[in-house]
Peer 1: 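One structure coming up, written as structure tokens, with questions to follow.
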Protein chains: 2
Amino acid sequence: MEPILEDLEQAEGLAALQAASEAIRNHYRIDHVVYHWVDSAGDQYGCGTYSDDWRDRYLEHNYLRIDPVILGCFQRFHPVDWKRLDWSSKPARTFQAEAIEHGVGNQGFSVPIRGPNGQFALFTVSHSCDDETWAEWTEAHRRDLILIAHTFNEKALDFEPDRAPEQSQSLSPREVDAMTFLAMGYSRAQVADTLSISEHTLRVYIESARFKLGAMNTTHAVARAMSRGLIVV
Amino acid sequence: MEPILEDLEQAEGLAALQAASEAIRNHYRIDHVVYHWVDSAGDQYGCGTYSDDWRDRYLEHNYLRIDPVILGCFQRFHPVDWKRLDWSSKPARTFQAEAIEHGVGNQGFSVPIRGPNGQFALFTVSHSCDDETWAEWTEAHRRDLILIAHTFNEKALDFEPDRAPEQSQSLSPREVDAMTFLAMGYSRAQVADTLSISEHTLRVYIESARFKLGAMNTTHAVARAMSRGLIVV
DNA sequence: TTTCCCCTCCCCAGAAATAGCGAGGGCGAG
DNA sequence: CTCGCCCTCGCTATTTCTGGGGAGGGGAAA
């Protein structure tokens with residue numbers, strides 16, 4: 001795998017990443033290699049070997065919200081085999097059937113990668129084969145895949161500087177307190193009481209936090225603070 | 001490095017991780033190897049080769065809040081050399097002087113690792129040597145360190161299942177829609193309009209979602225849905 | 001020293017969310 | 001065929017939040 005990783009490290013530009021996906025696919029003789037990025041604003045970016053057809057359909061139907069790979073990896077720390085995800089819900093099964101119809105393999109292995117400010121990326125390999133073959137293959141290349149995933153992500157960020165240092169406006173300590181307790185379900189009165197300040201003062205914090213975060217209301221502000229990693233609940 | 005990683009993969013129990021840190025240190029002939037975890041509640045956990053003295057001092061003074069390694073890596077995606085961090089602030093310099101006094105090397109390399117729910121871990125190696133030697137060393141072992149960091153984190157999570165996110169009750173599609181749009185800052189009226197349902201119906205979804213999530217109000221429900229990965233914003 | 005941000009407090013009116021009651025049809029599992 | 005869950009809609013009253021004002025002190029950086 002060494003030369004594959006070195007090639008990837010040398011890649012320049014997004015087109016090169018696309019080529020790298022294909023090189024990885026050919027090297028490992030698997031069906032698909034995909035890198036998928038989800039922004040804290042909900043924007044998506046991807047590159048890989050899926051058909052244009054499937055990619056367009058995925059975006060058009062906003063499958064992001066039902067794709068068990070995304071949903072499952074979003075809750076996980078570690079790389080995961082698709083078999084271990086939850087495919088039981090009806091939309092998930094429909095999605096799965098449709099994916100296979102569009103050439104996505106029945107087996108898959110995805111590496112979640114997280115960054116600051118709620119940035120989330122997924123590096124996936126997929127293939128059509130039986131369970132045993134797949135288990136052997138993933139076991140053999142697990143380490144490679146982790147390294148490739150991280151290198152891939154690093155490269156993708158290099159070429160899209162907008163995505164990386166999205167230096168979000170930071171919150172003052174009191175603003176963080178306010179957002180945190182609100183995210184914990186406290187009402188304004190309770191938060192004010194907890195922080196031993198007047199409710200009016202608290203409101204100023206909430207408002208300034210909302211302003212800094214470009215949020216339309218308190219719920220929005222809390223959601224943004226969370227997805228940017230400014231507060232942890 | 002292979003045997004080191006295999007040993008790590010075989011490790012059982014927290015004591016074994018402590019031993020693994022020391023094994024890694026000896027293998028690479030460096031001063032320190034440290035794994036540091038920051039919990040969603042602000043709790044910390046760590047293991048490694050720092051002296052008890054320094055570790056206690058770090059915890060006692062809550063250095064977490066001024067440590068440039070933590071602060072810097074928290075804003076970063078990729079592994080980073082300590083030289084590239086911001087040591088300019090006064091507390092940071094004080095901290096640095098104190099760290100070196102307690103045996104922490106003048107050089108360091110840290111791998112940030114993120115999980116769902118704002119979980120954050122850091123795997124660090126540190127050494128005392130000149131810049132050039134360190135640059136060569138990190139360049140040569142960069143890949144190893146990334147893999148070791150992830151394996152280390154995986155092991156640490158295995159032994160502390162509390163830390164892994166629990167599988168929570170799932171939301172119905174409409175509830176997910178409701179939570180998602182609310183997290184995007186829409187008011188109830190706007191969400192109802194967007195979903196083309198009456199505001200009252202929407203309210204039923206919000207309430208049932210709130211009930212399922214054990215949340216006290218809408219903001220709380222959205223926060224919980226986000227931190228459990230039930231919605232993606 | 002001035003400027004900027006942070007923290008703290010106050011009033012008021014209108015908009016929005018919450019809490020409680022109700023109703024009916026559809027669809028899948030047991 | 002129930003039972004439970006999901007989706008849809010109605011009303012009223014109360015509580016809470018939001019959006020405008022305004023004021024002063026402290027601390028850090030320039």
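In this text, all values refer to a predicted model and were calculated from it rather than measured experimentally. Labels below follow one simple rule: chain letters A, B, ... track the order of the sequence lines, proteins then strands, and each chain is numbered from 1.
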Peer 1: Remember a base hit wins even if backbone is also touched, and classify B:S208 as base, sugar-phosphate or nothing at under 4.0 Å, heavy atoms.
Peer 2: nothing
Peer 1: May I ask you to verify whether the side chain of A:H200 and the base of C:dC9 hold a donor-acceptor pair under 3.5 Å?
Peer 2: no
Peer 1: Can B:T219 and A:T219 be counted as having a side-chain donor-acceptor contact under 3.5 angstrom?
Peer 2: yes
Peer 1: Please give, in whole Å, the distance from C:dA16 P to A:R210 CZ?
Peer 2: 13 Å
Peer 1: Report the distance from atom CG of B:N217 to atom P of D:dT18, rounded to the nearest whole Å.
Peer 2: 11 Å
Peer 1: Side chains of A:Y186 and B:N217: is there a donor and an acceptor less than 3.5 Å apart?
Peer 2: no
Peer 1: What is the distance from CZ of A:F211 to P of D:dG20, rounded to the nearest Å?
Peer 2: 12 Å
Peer 1: Return the value, rounded to whole Å, for the distance between atom CD1 of A:I206 and atom P of C:dC9.
Peer 2: 14 Å
Peer 1: Using whole Å, report how far CD1 of B:I197 lies from P of D:dC9.
Peer 2: 7 Å
Peer 1: With sugar-phosphate meaning primed atoms plus P, OP1 and OP2, does B:S187 contact a base, only sugar-phosphate, or nothing at under 4.0 Å between heavy atoms?
Peer 2: sugar-phosphate
Peer 1: If you look at every strand shown and take non-hydrogen atoms under 4.0 Å, does B:T201 touch a base, only sugar-phosphate, or nothing?
Peer 2: base
Peer 1: Indicate the ring-plane relationship of A:F152 and A:F123, choosing parallel, tilted or perpendicular according to the 30° and 60° boundaries.
Peer 2: tilted
Peer 1: Select one nucleotide: of D:dT18, C:dC7, D:dC6, the one nearest the side-chain heavy atoms of B:K212.
Peer 2: D:dC6
Peer 1: If only side-chain N and O atoms count, and only distance matters, is there a donor-acceptor pair under 3.5 Å linking A:N106 with A:W82?
Peer 2: no
Peer 1: Between the base of D:dG20 and the side chain of A:R203, is there any donor-acceptor pair under 3.5 Å?
Peer 2: yes
Peer 1: Using a 4.0 Å heavy-atom cut-off, does A:E207 contact any base of the nucleic acid, only the sugar-phosphate backbone, or nothing at all?
Peer 2: base
Peer 1: When the ring planes of A:Y50 and A:H32 are compared, do they come out parallel, tilted or perpendicular, using 30° and 60° as the limits?
Peer 2: perpendicular
Peer 1: Can you tell which of C:dT8, D:dT8, D:dC17 lies closest to the side chain of A:R188?
Peer 2: D:dC17
Peer 1: Just the rounded figure in Å: distance from C1' of D:dC17 to OH of A:Y205.
Peer 2: 18 Å
Peer 1: Using atom CG of A:L171 as one end and atom P of C:dC7 as the other, report the distance to the nearest whole Å.
Peer 2: 10 Å
Peer 1: A:L182 has an atom CG; how far is it from atom P of C:dA17, in whole Å?
Peer 2: 15 Å
